[in-house]
Trainee: 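One structure follows; several queries about it will come next.
Owing to the predicted nature of the structure, the values given are computational and were not obtained by experimental measurement. To find a chain, count down the sequence lines: A is the first, B the second, and so on, and within it residues start at 1.
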Amino acid sequence: MPRSRPAASRPLIDFEAPSHEVAPRLIGVTLLVDGVGGRIVETEAYDREEPASHTFGGQTPRNAVMFGPAGHAYVYRSYGIHWCLNFVCREAGHGAGVLIRAIEPTHGLDRMRRRRGLDDPRLLCAGPGRVGQALAIDAGFNGMALDAPPFELVAAAEGHPPLVVDVGPRIGISKAVELPWRFGEKGSRYLSKPFRR
DNA sequence: ATTTTGATCTGCT
DNA sequence: GCAGATCAAAATG
């Protein structure tokens, strides 16, 4: 009698899917970089077909990784200051990804506090630039595979009550504002901004 | 409580 | 030149 296949033998997330489908599935998943991180509580989807995406105008040196295979990290510099982390989605050549916007810190709080120069856990990873600083992301992570160290993704534990995902418009963009491609854990105190309705 | 400003990178016009 | 998938400190009401 074959026993059921261990969950670890199957990829945790199918990144070869549209980013607006991958983004909500990432909510509740634990993201660790060198053992530091926590539960993803906020994401945004971006896609080549849509003008808010870095890939909208085609491939450039900066966004080249997003045109590569899914399941890799796309890291970009935001406003000249911050490093932001994305997960590449869809088939190679498409140009789609999910921006990691906020994390509920659970692992390596001390290291995150040192990197951020802050104590309040609610401010450690509440925003894409803050996530980058807390996890010590920089250009060297661009293009790295997400299924190998230093990255680690851990499935969400089944919660009681079960996890509910809020949906809304993306933040900080001026084009394609109508797309409801921001996702977050309902009621989380670790979001970059609350969800309205 | 809301607005402004500085940080100063990347790609487009 | 300038706008942008941002954040924090400073100025202002």
Side-chain angles (χ1 to χ4, degrees), chain A residues 15 18-27 31 33 37-38 40-68 70 72-90 94-105 112-144 146 165-185 188-196:
Chain A
F15 286 108
S19 52
H20 65 273
E21 295 179 11
V22 175
R25 290 179 197 149
L26 285 169
I27 302 301
L31 165 65
V33 179
I40 296 170
V41 294
E42 183 182 340
T43 58
E44 279 178 3
Y46 289 88
D47 189 280
R48 168 81 198 261
E49 315 283 314
E50 157 270 303
S53 174
H54 287 171
T55 53
F56 183 64
Q59 187 170 334
T60 68
R62 176 177 61 153
N63 65 26
V65 166
M66 269 217 276
F67 288 93
H72 289 245
Y74 164 56
V75 175
Y76 72 94
R77 185 83 105 157
S78 174
Y79 290 88
I81 312 286
H82 309 285
W83 293 106
C84 298
L85 173 64
N86 299 255
F87 295 168
V88 177
C89 295
R90 290 249 198 180
H94 185 90
V98 173
L99 173 65
I100 307 303
R101 286 196 56 91
I103 289 173
E104 174 183 336
M112 289 193 271
R113 287 192 171 108
R114 269 200 304 277
R115 291 164 177 171
R116 296 270 301 116
L118 282 174
D119 281 345
D120 186 350
R122 295 171 63 153
L123 295 177
L124 287 179
C125 304
R130 291 163 169 175
V131 168
Q133 189 179 23
L135 302 195
I137 298 294
D138 64 26
F141 291 77
N142 194 33
M144 293 186 73
L146 298 172
V165 176
D166 263 336
V167 181
R170 294 174 293 179
I171 293 179
I173 56 165
S174 56
K175 300 163 192 167
V177 174
E178 71 284 357
L179 288 179
W181 279 10
R182 175 178 178 237
F183 306 90
E185 180 182 357
S188 172
R189 305 197 309 285
Y190 300 92
L191 300 171
S192 67
K193 286 176 82 166
F195 283 79
R196 316 280 335 164

Trainee: Atom CG of Asp120(A) to atom P of dC7(C): distance rounded to whole Å?
Mentor: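 One finds 15 Å between P of dC7(C) and CG of Asp120(A), rounded.
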Trainee: Quick one: which protein N/O atoms are closer than 3.5 Å to N/O atoms of nucleotides 3-5 of chain C? Pair and distance per line, please.
Mentor:
unit_1 : atom_1 : unit_2    : atom_2 : d
dG4(C) : OP1    : Ser174(A) : OG     : 3.2
dA5(C) : O4'    : Tyr46(A)  : OH     : 3.2
dA5(C) : N7     : Ala52(A)  : O      : 3.3
dA5(C) : N7     : His54(A)  : NE2    : 3.1
dA5(C) : N6     : His54(A)  : N      : 3.3
dA5(C) : N1     : Asn86(A)  : OD1    : 2.7
dA5(C) : N3     : Tyr76(A)  : OH     : 3.0

Trainee: Reading DNA chain B from 5' to 3', where do the contacts with chain A start and stop? Cut-off is 4.0 Å to heavy atoms.
Mentor: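 First-to-last contact on DNA chain B, by the 4.0 Å heavy-atom rule, is dA7(B) to dC12(B).
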Trainee: Relative to each other, are the rings of Trp181(A) and His20(A) parallel, tilted or perpendicular (30° and 60° limits)?
Mentor: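 The rings of Trp181(A) and His20(A) lie parallel, inter-plane angle below 30°.
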Trainee: Does Val33(A) have any side chain to side chain contact (heavy atoms under 4.5 Å, CB included) partners at least two apart in sequence or in another chain, and if so, which?
Mentor: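 For Val33(A) the side chain to side chain contact (heavy atoms under 4.5 Å, CB included) partners, ignoring immediate neighbours, are Leu31(A), Leu135(A), Ile137(A), Phe141(A), Pro150(A), Phe151(A).
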Trainee: What residues form a salt bridge (Lys or Arg N to Asp or Glu O under 4.0 Å) with Arg115(A), not counting sequence neighbours?
Mentor: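 Applying salt bridge (Lys or Arg N to Asp or Glu O under 4.0 Å) to Arg115(A) gives none.
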Trainee: By ring pair (Phe, Tyr, Trp, His ring centres under 6.0 Å), which residues pair with Phe87(A), not counting sequence neighbours?
Mentor: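 Partners of Phe87(A) by the ring pair (Phe, Tyr, Trp, His ring centres under 6.0 Å) criterion, ordered by chain and then number, come out as Phe15(A).
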Trainee: How would you list, by chain and number, every residue that makes a ring pair (Phe, Tyr, Trp, His ring centres under 6.0 Å) with His94(A), sequence neighbours excluded?
Mentor: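 Applying ring pair (Phe, Tyr, Trp, His ring centres under 6.0 Å) to His94(A) gives none.
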Trainee: Contact class for Arg116(A) (heavy atom, under 4.0 Å): base, sugar-phosphate, or nothing?
Mentor: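 The residue Arg116(A) makes sugar-phosphate contact but no base contact.
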Trainee: For Arg25(A), check salt bridge (Lys or Arg N to Asp or Glu O under 4.0 Å) against everything at least two apart and list the hits.
Mentor: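 If we apply the salt bridge (Lys or Arg N to Asp or Glu O under 4.0 Å) test to Arg25(A), skipping adjacent residues, the hits are Glu21(A).
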Trainee: Give me the stems containing DNA chain C, sorted by first residue, counting only three or more consecutive Watson-Crick or G-U pairs with both distances under 3.5 Å; say none if there aren't any.
Mentor: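 Stem list for DNA chain C: B:1-7 with C:6-12, B:9-12 with C:1-4.
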Trainee: Salt bridge (charged side-chain N to carboxylate O under 4.0 Å, His left out): which pairs involve residues 50-63 of chain A, sequence neighbours left out?
Mentor: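 Every salt bridge (charged side-chain N to carboxylate O under 4.0 Å, His left out) pair that includes a residue of residues 50-63 of chain A, provided the two are not neighbours, is Glu50(A)-Arg170(A).
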Trainee: Can you measure Trp83(A) atom CH2 to dC7(C) atom P for me and round it to whole angstrom units?
Mentor: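 Rounding to the nearest Å, CH2 of Trp83(A) and P of dC7(C) are 15 Å apart.
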Trainee: Can you give me every donor-acceptor pair (side chain of residues 118-126 of chain A, partner residue at least two apart or in another chain, under 3.5 Å) with its distance?
Mentor:
unit_1    : atom_1 : unit_2    : atom_2 : d
Asp120(A) : OD1    : Arg122(A) : N      : 2.9

Trainee: Among all residues two or more places apart in sequence or in another chain, which pass the side chain to side chain donor-acceptor pair (under 3.5 Å) test with Arg77(A)?
Mentor: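 For Arg77(A), no residue satisfies side chain to side chain donor-acceptor pair (under 3.5 Å) once neighbours in sequence are set aside.
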Trainee: P atom, dT2(B) versus dA5(C): distance in rounded Å?
Mentor: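 These two P atoms come out 24 Å apart once rounded.
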Trainee: Listed by chain and number, what are the side chain to side chain contact (heavy atoms under 4.5 Å, CB included) partners of Pro51(A), not counting sequence neighbours?
Mentor: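 Once residues adjacent in sequence are excluded, the partners of Pro51(A) under the side chain to side chain contact (heavy atoms under 4.5 Å, CB included) criterion are Phe56(A), Lys175(A), Ala176(A).
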Trainee: Return the value, rounded to whole Å, for the distance between atom CG of Leu124(A) and atom P of dC7(C).
Mentor: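 The answer, rounded to whole Å, is 13 Å.
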Trainee: Donor-acceptor pair, Gln59(A) side chain versus Phe67(A) backbone, under 3.5 Å?
Mentor: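 No: the side chain of Gln59(A) does not pair with the backbone of Phe67(A).
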